[in-house]
Amino acid sequence: MNLRSLGEFGLIDRIAGRVAAGTGIIRGIGDDAAAVEPSPGTVQLLTSDMLLEGVHFDLTFTSPEALGRKSLAVNLSDMAAMGGRSRHFLLSLAIPPSVSLEFLDPFIGGLLDMASCHAVSLVGGDTCASRSGLVISITLVGEQLPERVVYRQGARPGDLVCVTGFLGDSALGLAELRAGLRETPAISRHLEPSPRCNEGLMLAEAGLPTAMIDVSDGLLADLGHILECSGVGAKVFLDRLPLSEYFSAEAGRLVSEPIQLALAGGEDYELLFSLPRQYLPQARQLLSARGTGCAVIGEVTEEAGLHVTAPDGSSYQPAGLGFSHF
Ligand code: ADP
Ligand code: MG
């Protein structure tokens, strides 16, 4: 079977036939719009991310399964950063002639596997042909009680700046791919990030963070967003950045200034949040119950601006803030 003989509607049917039953779905794939029912008393959270061949992924590096998983993971990560519970999503695909059904089947498999891991259901989308590369666009709908949603604004002077997991592995993985390596722990983190869904939800439902964001563009850039939205500044200490054992051992072989990968590398999909100091033990306990680390990397200040301090106490000037498309 090939895509041409299957046709657009055949492909949609093929996708629809693999979708597991979900909750809150009045009408899923197969009408002009999906109809879903939010839980009573919640606000809906909507987020969308596009992944473009040649911009966000390289088909020579990634397997179709991994790409499917990552396409949904980046959206789940945004929802986690709002403290939301992800529920339903739309999948839009622009498919170039070079992409076959042999690619799409495992791609959908990876995507739906990630969906079932996080209890989200595919309820619709759009499908068309592309004349350039593969384009994947996902819109995710989630929900949360209005008073539990965590925004980028809300960080207050004296709050701790915290981050889950490790920083820099994804950027190291990308550098390794470009250098010709194919299977390392950092490459796995780059190609198959794990969104911190439960972590974001638990922190939000416990009412702990004052502001939160996921680290997609790079620590400094993303922290910059929190600071700007909150009208505050922060100091960050280089020797407190959480680095994996693999990163500490290997990054120096490939790049001249490894710490730069942790500061500005991006795509770590960890949660970065500000936390009133007295909540630290509770936050650590919640996260460690899930096997997730929580590093305190600095402190929110009244004075605007982001100050990075080197291990010797001197002021560190980062080479770049992070990723920007333009
Ligand atoms: P319309 O012409 O009204 O836009 P479509 O023919 O595009 O309808 O889609 C038919 C149905 O299939 C709709 O329910 C739509 O949400 C769903 N659909 C289309 N493409 C996808 C896809 N890639 N994944 C999941 N559902 C899809
Ligand atoms: Mg359509």
Side-chain angles (χ1 to χ4, degrees), residues 1-39 42 44-59 62-80 84-143 191-193 195 197:
M1 178 64 77
N2 63 34
L3 209 47
R4 186 176 274 272
S5 57
L6 191 62
E8 178 190 337
F9 299 108
L11 176 62
I12 296 172
D13 285 345
R14 196 178 176 94
I15 295 174
R18 298 174 67 179
V19 174
T23 58
I25 304 169
I26 299 162
R27 190 78 169 104
I29 296 173
D31 215 312
D32 297 308
V36 299
E37 194 170 31
S39 304
T42 61
Q44 288 200 296
L45 303 165
L46 302 102
T47 182
S48 194
D49 262 306
M50 291 208 287
L51 282 89
L52 277 72
E53 183 181 351
V55 178
H56 301 94
F57 61 88
D58 183 332
L59 290 179
T62 182
S63 72
E65 289 91 349
L67 184 61
R69 296 175 67 83
K70 184 168 179 176
S71 303
L72 186 55
V74 300
N75 283 279
L76 291 167
S77 179
D78 278 321
M79 192 62 71
R85 181 183 297 278
S86 292
R87 298 206 62 199
H88 305 114
F89 71 103
L90 301 167
L91 167 68
S92 296
L93 296 172
I95 305 167
S98 56
V99 169
S100 66
L101 210 50
E102 285 66 48
F103 180 92
L104 288 173
D105 278 341
F107 166 80
I108 296 295
L111 182 90
L112 293 179
D113 182 50
M114 178 64 68
S116 81
C117 285
H118 295 282
V120 294
S121 305
L122 178 58
V123 294
D126 198 23
T127 304
C128 61
S130 168
R131 288 203 206 165
S132 41
L134 175 63
V135 179
I136 304 156
S137 172
I138 289 182
T139 299
L140 177 66
V141 182
E143 60 185 35
L191 294 179
E192 295 199 59
C197 299

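In what follows, residues are counted from 1 in the order of the sequence shown. First listed ligand is number 1; within each ligand, the first listed atom is number 1.
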Margin query: Are any of the N/O atoms on D126, whether in the backbone or the side chain, positioned under 3.5 angstrom from an N/O atom of ligand 1?
Written below: yes
Next item on the list: Give a yes-or-no answer on whether the side chains of R87 and T23 include a donor-acceptor pair shorter than 3.5 Å.
Entry: yes
Item checked: Separation of E37 CD from H88 NE2 (nearest 0.5 Å) -> 9.5 Å
Check: Does an N or O from L91, backbone or side chain, lie closer than 3.5 Å to an N or O of ligand 1?
Finding: yes
Next item on the list: Say whether E8 and T127, considering side chains only, have a donor N or O and an acceptor N or O under 3.5 Å apart.
Entry: no
Margin query: What I want to check is whether the side chains of S92 and S137 have a donor and an acceptor closer together than 3.5 Å.
Written below: no
Check: Which atoms of ligand 1 have any heavy atom of G30 under 4.0 Å away?
Finding: 11 (C), 13 (C), 14 (O)
Check: Are E192 and R69 close enough for a salt bridge, meaning some N to O gap below 4.0 Å?
Finding: yes
Item checked: Numbered atoms and elements of ligand 1 in range of D32, under 4.0 angstrom, heavy atoms -> 3 (O)
Notebook entry, point to check: Hey, are the side chains of R18 and D105 touching, using non-hydrogen atoms and a 4.5 Å cut-off?
Noted result: yes
Note to self: If we set the cut-off at 4.0 Å for heavy atoms, which region of D31 has an atom near ligand 1: side chain, backbone, both, or neither?
What the structure shows: backbone
Checklist line | A33, G125, C128, G28: member with heavy atom nearest to atom 27 (C) of ligand 1 | finding: G125
Notebook entry, point to check: Which ligand 1 atoms, with their elements, are less than 4.0 angstrom from a heavy-atom of T127?
Noted result: 19 (C), 20 (N), 21 (C), 22 (C), 23 (N)
